[in-house]
There are 2 protein chains.
Amino acid sequence: MDVQADRSAGAAGSERPSKGELLIQSMQELLWERGYSGTTPAEVQRRAGAGQGSMYHFFQGKAGLALAAEIRMGEDLKTEVEQRFVDREQTLDRVQSYLAPDGVVTRGCRLGRLVQDEEVAGNPDLMKPIAETYAWIQDRLETMLTDGVERGELRPDTDVQALAVTILAIRQGAYTLARLADSDEPFRQATIGISQLMEAARPKR
Amino acid sequence: MDVQADRSAGAAGSERPSKGELLIQSMQELLWERGYSGTTPAEVQRRAGAGQGSMYHFFQGKAGLALAAEIRMGEDLKTEVEQRFVDREQTLDRVQSYLAPDGVVTRGCRLGRLVQDEEVAGNPDLMKPIAETYAWIQDRLETMLTDGVERGELRPDTDVQALAVTILAIRQGAYTLARLADSDEPFRQATIGISQLMEAARPKR
DNA sequence: GTCTATATGATGATAGAC
DNA sequence: GTCTATCATCATATAGAC
């Protein structure tokens with residue numbers, strides 16, 4: 001089935017949010033809290049204060065609404081990552097900031113958790129915005145690390161692409177461990193682990 | 001609901017596997033392929049060549065059978081990790097071996113993926129064997145790294161616990177990235193990333 | 001022990017009134 | 001645009017025969 005996002009469900013920052021907009025926001029919340037399979041259209045509607053009709057008017061079913069919500073989540077995530085980088089100067093600070101828990105880590109990564117969902121993984125339309133967001137983040141990490149190399153904070157022979165993937169993986173994995181331990185301690189531990197290595201690997205001057 | 005594993009479904013290495021045993025194996029496969037929510041009792045039965053009656057005779061519903069399968073998967077995983085360590089001498093080799101893809105990484109981590117499943121996360125009985133398995137693996141990683149410190153392959157001031165969590169997180173995260181990219185490339189990249197850091201951080205002699 | 005038939009409930013989607 | 005009523009499907013679990 002070919003899923004399309006929406007039928008002009010309304011802009012994000014409008015005055016009075018349309019039902020379509022409310023539905024997107026509710027779907028965003030529920031995807032994060034319960035994943036895709038675990039979220040029922042009925043509950044999205046209830047949370048948005050909308051009926052069945054509104055949802056099927058704006059979106060082509062559950063998948064279409066989820067797609068719109070995913071795209072929104074990807075934008076939010078990119079904005080947050082960017083913010084963490086511009087607020088810091090030093091490379092190690094930026095890495096630590098990227099790995100810092102944001103208070104709701106036991107809920108999992110809003111996008112990463114969807115990858116583990118069978119219904120999402122089996123639907124290319126639903127995977128695409130997730131893959132694109134991660135590609136963007138990986139690219140952003142690479143740029144940030146290249147910056148560090150140029151400023152002499154990382155060794156000149158650093159494989160920035162590999163390191164970017166490593167840091168990305170650490171954050172994703174820490175989410176899983178945090179959920180398992182019901183604590184954000186794994187985030188702190190993993191940050192210590194990678195920081196200690198990066199410190200020790202620092203170029204001598 | 002208090003879930004118990006089984007009703008003596010049969011030992012693992014018996015001659016003629018009982019229906020209970022076949023059901024456990026089928027559930028193991030399906031949990032890995034589709035997760036918990038995505039697996040229906042009907043399909044487990046079909047794959048095991050057993051009827052409804054057999055399943056409900058040996059186990060208390062879907063959750064009970066899944067619990068038995070999880071325990072088995074945990075044992076398998078621990079055995080595999082142990083094998084990778086005893087086959088190698090050097091610390092970095094062991095770390096790389098732990099992070100090596102095993103050919104089916106795009107399917108995800110057989111246990112880790114369950115953590116993202118709402119029905120599993122919401123059932124303490126189903127989370128317990130997963131948490132215990134990860135605790136064992138983390139402990140095993142710590143022992144392995146402590147070994148490396150003692151042999152002078154890692155700096156004496158290494159925070160082995162933090163590094164163990166970091167490596168554990170890398171593997172978990174790489175599974176997510178691999179699934180997203182439909183490739184085991186993230187495993188290779190992440191291995192390069194952590195290896196390069198560990199090399200550079202090596203104690204001087 | 002193992003099977004089939006059936007009950008019960010929830011899910012995602014549609015129809016059609018307002 | 002938005003609503004409620006209804007549908008078809010499929011999920012898990014139970015009952016009871018063999």
Tell me what Gly49(B) touches on the nucleic acid: a base, only sugar-phosphate, or nothing, going by heavy atoms under 4.0 Å. sugar-phosphate

Where along residues 39-46 of chain B does a heavy atom fall under 4.0 Å from DNA chain D?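 Close to the strand are Thr39(B), Thr40(B), Pro41(B).
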
Once side-chain hydrogen bond (donor to acceptor under 3.5 Å, both in side chains) is applied, do any residues pair with Glu118(A), and if so which ones, sequence neighbours excluded? Arg113(B), Arg179(B)

With Gln196(A) as reference, evaluate Leu197(B), Thr166(B), Thr158(B), Leu163(B) under the side chain to side chain contact (heavy atoms under 4.5 Å, CB included) test and give the passing residue. Thr158(B)

[N] [atom2] sits how many Å from [X] [atom1], rounded?
X	N	atom1	atom2	result
Glu119(B)	dA11(D)	CD	P	12 Å
His57(A)	dT4(D)	NE2	P	17 Å
Glu118(B)	dA11(D)	CD	C1'	18 Å
Phe59(B)	dT2(C)	CZ	P	11 Å
Phe58(A)	dC3(D)	CZ	P	10 Å
Lys62(B)	dC10(D)	NZ	C1'	12 Å
Leu65(B)	dA11(D)	CG	P	16 Å

Can you tell me which residue pairs pass the salt bridge (Lys or Arg N to Asp or Glu O under 4.0 Å) test with a partner in residues 189-201 of chain A, sequence neighbours excluded? Glu199(A)-Arg202(A)

Counting distance only, does the side-chain N/O of Thr39(B) pair as donor-acceptor with the main-chain N or O of Leu30(B) below 3.5 Å? yes

Output yes when Asp184(A) and Arg188(A) qualify as a salt bridge under the 4.0 Å nitrogen-oxygen rule, no when they do not. yes

Do NZ/NE/NH1/NH2 and the carboxylate oxygens of Asp147(A) and Arg94(A) come within less than 4.0 Å? yes

Between protein and nucleic acid, restricted to nucleotides 14-18 of chain C and to nitrogen or oxygen atoms under 3.5 Å apart, what atom pairs and distances do you find?
residue, atom, partner, partner atom, Å
dT14(C), O4, Gln52(A), NE2, 3.2

Anything under 3.5 Å between a donor and an acceptor, one on a side chain of residues 101-112 of chain A, the other on a protein residue two or more places apart or in another chain? List them.
residue, atom, partner, partner atom, Å
Asp102(A), OD1, Val104(A), N, 3.4
Arg110(A), NH1, Glu80(A), OE2, 3.2
Arg110(A), NH2, Glu80(A), OE1, 2.6
Arg110(A), NH2, Glu80(A), OE2, 3.3

With sequence neighbours left out, which residue pairs that include part of residues 178-198 of chain B fulfil the ring pair (Phe, Tyr, Trp, His ring centres under 6.0 Å) condition?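 Listed by first then second residue: Tyr175(B)-Phe187(B).
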
